[in-house]
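Please read the structure below before turning to the comments.
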Amino acid sequence: MSLYAVIMAGGVGSRFWPRSRQAQPKQFLDVFGSSSMIQNTFARLQPMIAPERVFVVTNTKYVEQSREHLPAVPAENILAEPIARNTAPCIAFAAATIHALDPDATMVVLPADHLIDKPARFHAVLDAAVQKAQTPGALVTIGIEPTHPETGYGYIQYDTSTATGGDGEAAPQAFPVKTFAEKPDLATAERFLDSGDFLWNSGMFIWRADSILAAMKEHLPEVHACFEGIGAPADTSVDEIRAAYERSPKISIDYGIMERADDVHVVPGSFGWSDVGDWRAVYERSAKDDAGNATDGDVIVHNTGRCYARSKDRLVVLVGVRDLAVVDTDDAILVCHLDATQQVKHIVDYLGAHRMEEYV
């Protein structure tokens with residue numbers, strides 16, 4: 001089996017403002033520990049996938065940063081996107097490139113900015129997904145066993161009737177997908193949790209390169225036509241890549257392929273996963289004091305509860321407040337309710353619309 005990895009690293013992580021910026025997006029930050037998120041993603045692939053078979057798809061302006069953070073990955077394996085076109089064109093680019101190098105390739109497609117606490121368990125789930133992906137035409141994703149009625153994730157409903165009887169910890173197994181659901185409201189999320197056959201959509205995918213290219217040709221022919229001529233990195237020019245992206249529609253792999261294809265499977269997993277999508281997710285993952293406060297850096301709290309505060313270069317003091325996220329950087333300070341951290345992206349949109357690029 002020829003196993004390859006594709007790390008998608010083109011996003012900005014606007015919900016992580018003011019730390020995540022255009023010049024230094026989320027995937028290059030050391031949110032937990034001393035390694036960046038993209039370095040942690042690469043490290044957990046070892047030793048399953050050799051560095052020379054790891055590809056990174058990122059924006060042109062992040063190519064050098066990607067190479068600096070992942071020196072073990074061959075320079076030519078950092079694939080540059082000239083324009084952001086969402087995940088379907090990104091995956092089409094990577095699949096066409098890898099298929100040109102190895103027609104028998106199987107791809108593991110991962111976002112660059114996820115957190116996984118139990119890599120050994122993740123490897124077991126990934127192995128089950130890889131095995132299922134060997135079936136011609138099979139498209140496989142990993143679903144996270146939900147722990148609470150989360151409204152910030154999409155959901156996957158799956159068919160449990162094919163269960164072999166082994167428990168989830170001992171025997172990861174692929175199941176047919178019934179349907180995909182968008183981010184729900186709280187009542188719907190509670191209903192999903194109670195039903196027992198819904199998983200969180202992790203955004204991780206496993207398939208043969210020829211399987212996803214065939215699915216693209218059937219369900220997204222416009223995207224497939226744009227990238228059909230893309231070959232190995234040494235045989236493809238920057239102009240050819242730019243032309244493909246300029247012609248390609250902007251569409252996600254979930255909406256364009258996974259929700260439309262017939263042969264879609266999911267492997268449920270529980271391995272300490274988080275997409276670390278906003279500052280509340282960081283708070284939930286951080287060590288806390290007796291009052292539920294999580295602090296990082298030069299922070300003092302008094303008569304304060306359930307707050308997250310981060311400051312590295314100056315003293316930040318919280319007195320008599322609750323349920324806040326406070327993030328201090330050189331040129332900006334974020335103060336928001338912990339339940340509103342998803343809305344931070346709207347501030348980034350506002351700054352961009354008002355030509356305040358120095359803060360974006």
Side-chain angles (χ1 to χ4, degrees), residues 1-8 41 44-49 53 87 91 95 104-111 114-150 153-181 184 189 191-212 214-215 253-254 257-275:
M1 182 193 307
S2 300
L3 193 58
Y4 292 76
V6 175
I7 300 175
M8 298 184 291
T41 300
R44 77 174 64 100
L45 289 168
Q46 310 305 307
M48 288 188 70
I49 303 175
R53 289 189 171 184
T87 52
I91 290 169
D104 293 324
T106 297
M107 301 165 53
V108 174
V109 182
L110 306 173
H114 287 183
L115 179 68
I116 290 175
D117 291 333
K118 302 174 182 177
R121 184 61 192 166
F122 170 68
H123 289 167
V125 171
L126 187 57
D127 184 64
V130 168
Q131 296 304 319
K132 181 61 184 179
Q134 301 317 300
T135 303
L139 307 179
V140 187
T141 186
I142 292 175
I144 307 301
E145 296 169 7
T147 58
H148 60 277
E150 175 62 53
Y153 299 148
Y155 283 72
I156 302 170
Q157 186 182 30
Y158 67 111
D159 182 358
T160 60
S161 65
T162 59
T164 59
D167 64 45
E169 285 298 314
Q173 180 185 348
F175 296 90
V177 169
K178 288 183 175 180
T179 188
F180 288 82
R191 189 166 67 251
F192 286 171
L193 198 68
D194 291 341
S195 74
D197 61 350
F198 278 86
L199 304 164
W200 290 336
N201 189 346
S202 73
M204 294 184 273
F205 309 100
I206 304 90
W207 41 51
R208 285 180 55 93
D210 53 10
S211 293
I212 189 60
I253 196 72
D254 288 284
I257 300 293
M258 302 301 281
E259 294 182 14
R260 304 177 185 182
D262 296 324
D263 196 7
V264 179
H265 298 262
V266 62
V267 180
S270 179
F271 36 76
W273 172 88
S274 172
D275 71 346

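Reckoned from all heavy atoms, side chains included, excluding hydrogens, waters and symmetry mates. Position 1 is the first residue of the sequence; numbering continues from there. Here the structure is a predicted model, which means the values were calculated and not measured.
- Rounding to the nearest 0.5 Å places OG of Ser274 at 8.5 Å from CH2 of Trp200.
- Between Phe175 and Pro268, the closest side-chain pair of non-hydrogen atoms falls below 4.5 Å.
- Once rounded to the nearest 0.5 Å, the distance linking NZ of Lys132 with OG1 of Thr106 reads 13.5 Å.
- The two residues Ser211 and Gly137 make their nearest non-hydrogen contact at OG-N, 3.1 Å.
- Ile142 places none of its side-chain heavy atoms less than 4.5 Å from the side chain of Trp273.
- For Gly269 against Val125, the heavy-atom pair with the smallest separation is CA-CG2, 4.0 Å.
- Annotation: side chain of Ile7 is in contact with side chain of Leu45 (closest heavy-atom distance under 4.5 Å).
- Heavy-atom minimum distance, Ser2 versus Arg53: CA-NH1, 3.5 Å.
- Remark: Tyr155 OH to Phe180 CZ distance equals 15.0 Å, nearest 0.5 Å.
- Two residues are said to be in side-chain contact when any heavy atoms from C-beta on lie closer than 4.5 Å; Met258 and Thr141 meet this criterion.
- Taking every heavy atom of both residues into account, Ile212 and Ile257 meet most closely at CD1-CG2, 4.2 Å.
- Here CE of Met8 is found 5.0 Å from CD1 of Ile91. Values are rounded to the nearest 0.5 Å.
- For the pair Asp197 and Lys178, the minimum side-chain heavy-atom distance is below 4.5 Å.
- For His265 and Trp207, the ring centers are positioned 6.0 Å apart or more.
- Listed by chain and residue number, nothing satisfies the side-chain hydrogen bond (donor to acceptor under 3.5 Å, both in side chains) test with His123 (two or more places apart in sequence, or in another chain).
- Ring geometry, Phe122 versus Phe271: the interplanar angle exceeds 60°, so the pair is classed perpendicular (tilted spans 30 to 60°).
- Smallest separation of non-hydrogen atoms from Gly203 and Pro111: O-CD, 3.5 Å.
- Listed by chain and residue number, nothing satisfies the salt bridge (charged side-chain N to carboxylate O under 4.0 Å, His left out) test with Asp194 (two or more places apart in sequence, or in another chain).
- Proximity of a side-chain donor or acceptor of Ser202 to a complementary backbone N or O of Ile144 within less than 3.5 Å is not detected.
- Without hydrogens or angle criteria, Tyr4 side chain to Ala95 main chain gives no donor-acceptor distance under 3.5 Å.
- Taking CZ of Phe198 as the start and CZ of Phe192 as the end, the distance is 4.0 Å to the nearest 0.5 Å.
- Residues Arg208 and Asp104 meet the side-chain proximity criterion, which asks for heavy atoms closer than 4.5 Å.
- Leu199 places a side-chain heavy atom less than 4.5 Å from the side chain of Glu145.
- Among Leu110, Leu139, Ile253, the single residue meeting the side-chain contact (heavy atoms from CB on, under 4.5 Å) criterion with Phe205 is Ile253.
- A distance of 7.5 Å separates CD1 in Ile116 from OG1 in Thr41, rounded to the nearest 0.5 Å.
- The shortest side-chain heavy-atom distance between Glu259 and Val264 does not fall under the 4.5 Å cut-off.
- The side-chain contact (heavy atoms from CB on, under 4.5 Å) test with Ile206 is passed by exactly one of Asp127, Leu126, Val109: Leu126.
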